[in-house]
Amino acid sequence: MTVVTRFPPSPTGYLHIGSARTALFNWLYARHCGGKFLLRIEDTDRKRSTQEAVGAIIEGLKWLELGWDGEAVFQSRNAARHAAVAAALLAKGRAYRCYCTPEELTEMREQARREGKPTLYDGRWRDRDPSEAPAGVAPVVRIKMPRDGKTTIADLVQGEVTVGNEQLDDFILLRADGTPTYMLSVVVDDHDMGVTHIIRGDDHLNNAFRQYYLFAAMDWPIPAFGHIPLIHGADGQKLSKRHGALGVEAYRDMGYLPEAMRNYLLRLGWSHGDAEIVSTQQAIEWFDVAAIGRSPARFDLAKLESVNAHYMQASANARLVELVLPFIEKRQGEPVGSDGRARLLAGMDGLKPRAKSLAELAGNALFYVSRPQHPLTNAKAAAMLADDAPQRLSEAAGALAAADWKAASLENAVRAYAEAHGVGLGKVAQPLRAALTGSNASPGIFEVMEVLGKAETIARIQAVPGVTAHA
RNA sequence: GUCCCCUUCGUCUAGUGGCCUAGGACGCUGGCCUCUCACGCCGGAAACAGGGGUUCGAGUCCCCUAGGGGACGCCA
């Protein structure tokens, strides 16, 4: 049997982080089994679905590099088919028309709650003769669910879950206006698309029991279910926009790499022994729904950053330059020239172990594309330029001018200068750092000089107020 | 209110009755390295929610309590 999984977002917003993980798991499982991963846009709620949301979701999946097989299915286009299935169920006697008004249903629920009973539809039209139908009320179509006994689902993640059938009411298949409900649409589409494994958030666990009987009523094979726990915010509460339930594009814009995002999301709920850094290839090989944990996980930005830092260090310098460019250009408001790009590439080895995100990398790399402006805004760096620093810089510039322009020889020159004047290396290196980078923290200063080149280095030193032209 | 699910360091987790004086990772922290900041390396603090069973033996199995989450729509 070929495994077929699907990801069915409703296009009412961006692709948020929990959905992204669900998509990842479905994608991994399909790839692991050599099966298919399908995308279905559940746009049956015409009022809330938007074209922008469809675009955002597709962009999000593409960014995460979770490719789907075949064309995306738009659920709204299958409405006629869904209605036909409801009609078939009606003809088979597995469904019936219900003439209750919304007000009547509300009253029914309120009373049930008052009496401490489950707030479910009581089946009052299940066996009533259609001739009793009130005039002027358009009926809905409801499925006939079993009235007693219990139902057990062997969930791939949760294990065996049993519920009393009295908890399952005759839910609506077709609304009064003839349009299908979610419950009908998913089942019909999952069947028609040949879905074999439904892996989704455990907020759908209850729905599985209802859908189970809908498949059964049509004599369709019942797919396997795997309900994964939801992701919570750092405070343990439901993930909301305040703490992490951002669209994946927000994480992209914060400067996280897609492979880091995948690795982080993978470890949120799934594990393989002590493995932390798991390549996508390795994940496909190892992934198993049974290894997904059953308790909800909290979203932890610090860990994401750490994983991201790992993948940044593993990235090729040229790729990092391309990825960081937009961040730098956004910060300085103008394009980076070819000199700047060349410096970024040459300096990347020193830059990348110092950043956990592309945004941070951009901030640290700014000095390579534009000169520090005096007076420096960085107070600590400004302090390094005080007192006798200008004199040291003037003299050091002289020592530098004679050196071969390589980090090692530049270092030798500065060390020799410091020794000759009886000062620590830091006394010279720190003013140089402030002069060249405008900051008190940077890659190794001799590496910086090499990358900047002789002319630029000397120019930046001479730009420091109080430094006398020497070289 | 009814039903379902969950509960190991702050966080993500390993653990499937003895290998656990509970392991790893992030974070925190002490140190080393050092031109700064990182990286890296070495070390530390830090958890089986509580209570009953079952068993020679329980983090691992059962029950109860507490806490957390989810679902109860003519939304998806």
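Throughout, a chain's letter reflects where its sequence line sits, starting with A, and its residues are numbered from 1. What's counted below: heavy atoms across the whole structure, side chains too, no hydrogens, waters or symmetry copies.
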Open item on the list: List the residues meeting side chain to side chain contact (heavy atoms under 4.5 Å, CB included) with A:T151, not counting sequence neighbours, and say none if there are none.
Closed with: A:N165, A:L168, A:F209, A:Y212, A:Y213

Open item on the list: Going by side chain to side chain contact (heavy atoms under 4.5 Å, CB included), name the residues that satisfy it together with A:R40, two or more places apart in sequence or in a different chain.
Closed with: A:R6, A:P8, A:E42, A:V73, A:Q75, A:V186, A:D189, A:D190, A:M193

Task: Proximity to the side chain of A:R415 - top-ranked nucleotide from B:C12, B:U34, B:U36 - done: B:U34

Task: Per A:S295 side chain, nearest of listed nucleotides B:C6, B:C5, B:C39 - done: B:C6

Task: Sugar-phosphate or base contact per nucleotide [nucleotides 22-29 of chain B; S, B, -; heavy atom under 4.0 Å] - done: -BBBSS--

TODO: Give the minimum heavy-atom separation between A:P443 and A:L351, together with the two atoms involved.
DONE: CG-CD1, 3.5 Å

Task: A:A435 versus A:L385, closest heavy-atom pair with distance - done: N-CD1, 4.1 Å

In chain order, what residues pass the side chain to side chain donor-acceptor pair (under 3.5 Å) check against [X], with sequence neighbours excluded?
X      : answer
A:R319 : A:E259, A:S315
A:E411 : A:R415
A:N412 : none
A:H204 : A:Y182, A:N207

Open item on the list: Rounded to whole Å, please give me the gap between CD in A:E305 and P in B:C39.
Closed with: 12 Å

Task: Nearest-angstrom distance from the residue atom CD of A:E160 to P of B:C5 - done: 11 Å

Task: Contact nearer the 5' end of RNA chain B, comparing A:A441 with A:M183 - done: A:A441

TODO: Take A:E411 and A:Q75, find for each the nucleotide of RNA chain B with the closest heavy atom, and name the residue whose nucleotide sits nearer the 5' end.
DONE: A:E411

Open item on the list: If you compare every side-chain N and O of A:T181 against the phosphate oxygens of B:C74 (OP1, OP2), does one of them come in below 4.0 Å?
Closed with: no

Pair assignment for [N], Watson-Crick or G-U wobble, requiring both distances under 3.5 Å:
N     : result
B:U11 : B:A25
B:C3  : B:G70
B:U36 : none

Distances under 3.5 Å between protein N/O atoms and the N/O atoms of nucleotides 67-72 of chain B, please, pair by pair.
| residue | atom | partner | partner atom | Å |
| --- | --- | --- | --- | --- |
| B:G69 | OP1 | A:Q237 | OE1 | 3.1 |
| B:G69 | OP1 | A:Q237 | NE2 | 3.1 |
| B:G69 | O2' | A:H232 | NE2 | 3.4 |
| B:A71 | O4' | A:N206 | ND2 | 3.3 |
| B:C72 | O2' | A:T119 | O | 3.2 |
| B:C72 | O2 | A:T119 | OG1 | 3.3 |

Which atom pairs, one a donor and one an acceptor, fall under 3.5 Å between side chains of residues 398-407 of chain A and the rest of the protein, sequence neighbours left out?
| residue | atom | partner | partner atom | Å |
| --- | --- | --- | --- | --- |
| A:W405 | NE1 | A:M449 | O | 2.8 |

Open item on the list: At less than 3.5 Å, do the side-chain atoms of A:R433 and the base atoms of B:C35 form a donor-acceptor pair?
Closed with: yes

